[in-house]
Amino acid sequence: MAMAIAMVPQPLLTLFLFFSLLSIANSSPSQHLQIANAERRIDLTSHIIKVYLTLKVENLGTSPASEVHIAFSPTEVEHLAIVKAAATSGKRKKKTYVPLDVKSAELPDGPNGTKFFSITLLTPLSKGETTTLEVLYILTHSLEPFPVEISQSESQLVYFRDSAILLSPYHVKQQTTFIKTPSTRVESFTVVDPTKRAGTELKYGPYENHPPYSYSPVLIHFENNNAFAVVEELEREIEISHWGSIQVTEQYSLVHAGARHKGVFSRVEYQTKPGGTGVSSFKHLLAKLPPRVHSVYYRDGIGNISSSHLRTDSWKSELEIEPRYPLFGGWKSTFVIGYGLPLQDFLFESPDGRRYLNFTFGCPLVETVVDKLIVKVVLPEGSKDPTVEIPFEVKQHLEIKYSYLDVVGRTVVVLEKRNAVPEHNAPFQVYYSFNPIFMLAEPLMLVSAFFLFFVASVAYLHIDLSIRK
Ligand SMILES: *[C@@H]1O[C@H](CO)[C@@H](O)[C@H](O)[C@H]1NC(C)=O
Ligand SMILES: *[C@@H]1O[C@H](CO)[C@@H](O)[C@H](O)[C@H]1NC(C)=O
Ligand SMILES: *[C@@H]1O[C@H](CO)[C@@H](O)[C@H](O)[C@H]1NC(C)=O
């Protein structure tokens, strides 16, 4: 190996080094872009934090730029559930949005472990041009309860940490951050002049001319009594039967991820002073199910729970469920929801003759974070070559499941996603090939089973078991 390098002529080696240096320079975010204006709106009203970022990007360089990078601290990346971006044009009412491709950028980390996502522009931004981007990103598990333990009569307070100044690989000319809290009760907040607070809104900025990677940590301590509903694990099984229905079974292990409950739970106090006690606990859960749902059940380890209400109309079904006890911080509940759906609403044939399931990914419970979501699609027996189409990254693998009357078993497509939020409740498709001859497999099995039974009975009746002769 050393021989080979030694044999390369010197000028060629220099040229090679020069090009590799050039490619390293290219792999860091373009220094010719500038953010003319950044506006950030952070919504802290739920335990799922939504950040809306509007960036006016300007190209000051001479070569066109096709990508814009956005930066996140290592802690943010760990809790990042989704990043979406769109190009906008027009004003107010006439605004148009064109979704853009966003992906985690394969770049060396920036200062202090800063991670990047790259947004691909529709058309490269040429010299002197400006474009406006809207970015939405969602963070989970980013509100830290403090105090960590509260009694039944106390309200829940949490910390939120961020930077008053946008973390960006570019120079930011002008910027403002607005933070919305759920109530007017804000215990404390870091002041980075100018900082203003009015009602449920905190305003940081406007700040002018901050160099790349500027950072100014802020800590906000405020009241948040929303249901911190976290499903540690959800397994949804969607079983397709070509005989006319889809059976869905969902197993939940739910936890209240807010401040831990301390002391004893007084049901009397809870029931006599509604609204005045256990304000951060939750009693009801709402599941949004598809329209035309039937045979709904809801049970836990003890048995069926009757305290659920189903409301349906032609657009949606809403199932309101009530666990056996209200959930306080740190308390858990495991339960199963099951329902049937008409096949024709979800199973279609694609132009190339393959069948496909079009179903909603994500968790049917509203405002819930799912730490680990497993979606299993059980295809009919005899299905082959499944392929999945889904608008975000998931882990996938195949399994085989046997149920009664199965000969070769059913193919199960398993999709797994960590840190799922309501934005992941998007349609996904599973395409597969199916030989209709398999439709006959089960009835044939039944027929042959009956036939064998019949033969056996006839044989039995004809065998003379008597010892007299
Ligand atoms: C990086 O970390 C150092 C030391 O903790 C800190 O002083 C500096 O402000 C940080 N820089 C950024 C960009 O976060
Ligand atoms: C629970 O309800 C389902 C559907 O109504 C029913 O099939 C099942 O037998 C019930 N289970 C118990 C233990 O009552
Ligand atoms: C899947 O269903 C959604 C509505 O639920 C629809 O908007 C979408 O076009 C369907 N996709 C396919 C490929 O059929």
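Every number for a ligand or one of its atoms is a count from 1 in the order of the listing. Any value given below was found using the heavy atoms of this structure, including those in side chains, with hydrogens, waters and symmetry copies removed.
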Identify the closest protein heavy atom to atom 5 (O) of ligand 3: which residue and atom is it, and at what distance?
P427 CG, 4.6 Å
If we count only non-hydrogen protein atoms and require a distance under 4.0 Å, does atom 2 (O) of ligand 3 qualify as touching the protein?
yes
What protein heavy atom lies closest to atom 10 (C) of ligand 3? Include the residue and the distance to one decimal.
N358 ND2, 2.4 Å
Contact check, Y356 vs ligand 3, heavy-atom distance below 4.0 Å:
yes
Between D371 and H141, a side-chain donor and acceptor under 3.5 Å
yes
Check: F160 ring centroid to F222 ring centroid under 6.0 Å
no
Could you tell me if T88 and T132 have a donor-acceptor pair between their side chains, going purely by distance under 3.5 Å?
no
Tell me whether the centres of the aromatic rings in F392 and F361 are closer together than 6.0 Å.
yes
Does the protein put any heavy atom within less than 4.0 Å of atom 13 (C) of ligand 3?
yes
Could you tell me if R161 sits above the aromatic ring of Y159, with its cationic atom closer than 6.0 Å to the ring centre and no more than 45 degrees from the axis?
yes
Mind checking whether Q429 contacts ligand 3 via backbone (N, CA, C, O), side chain (CB onward), both or neither, at a 4.0 Å heavy-atom cut-off?
side chain
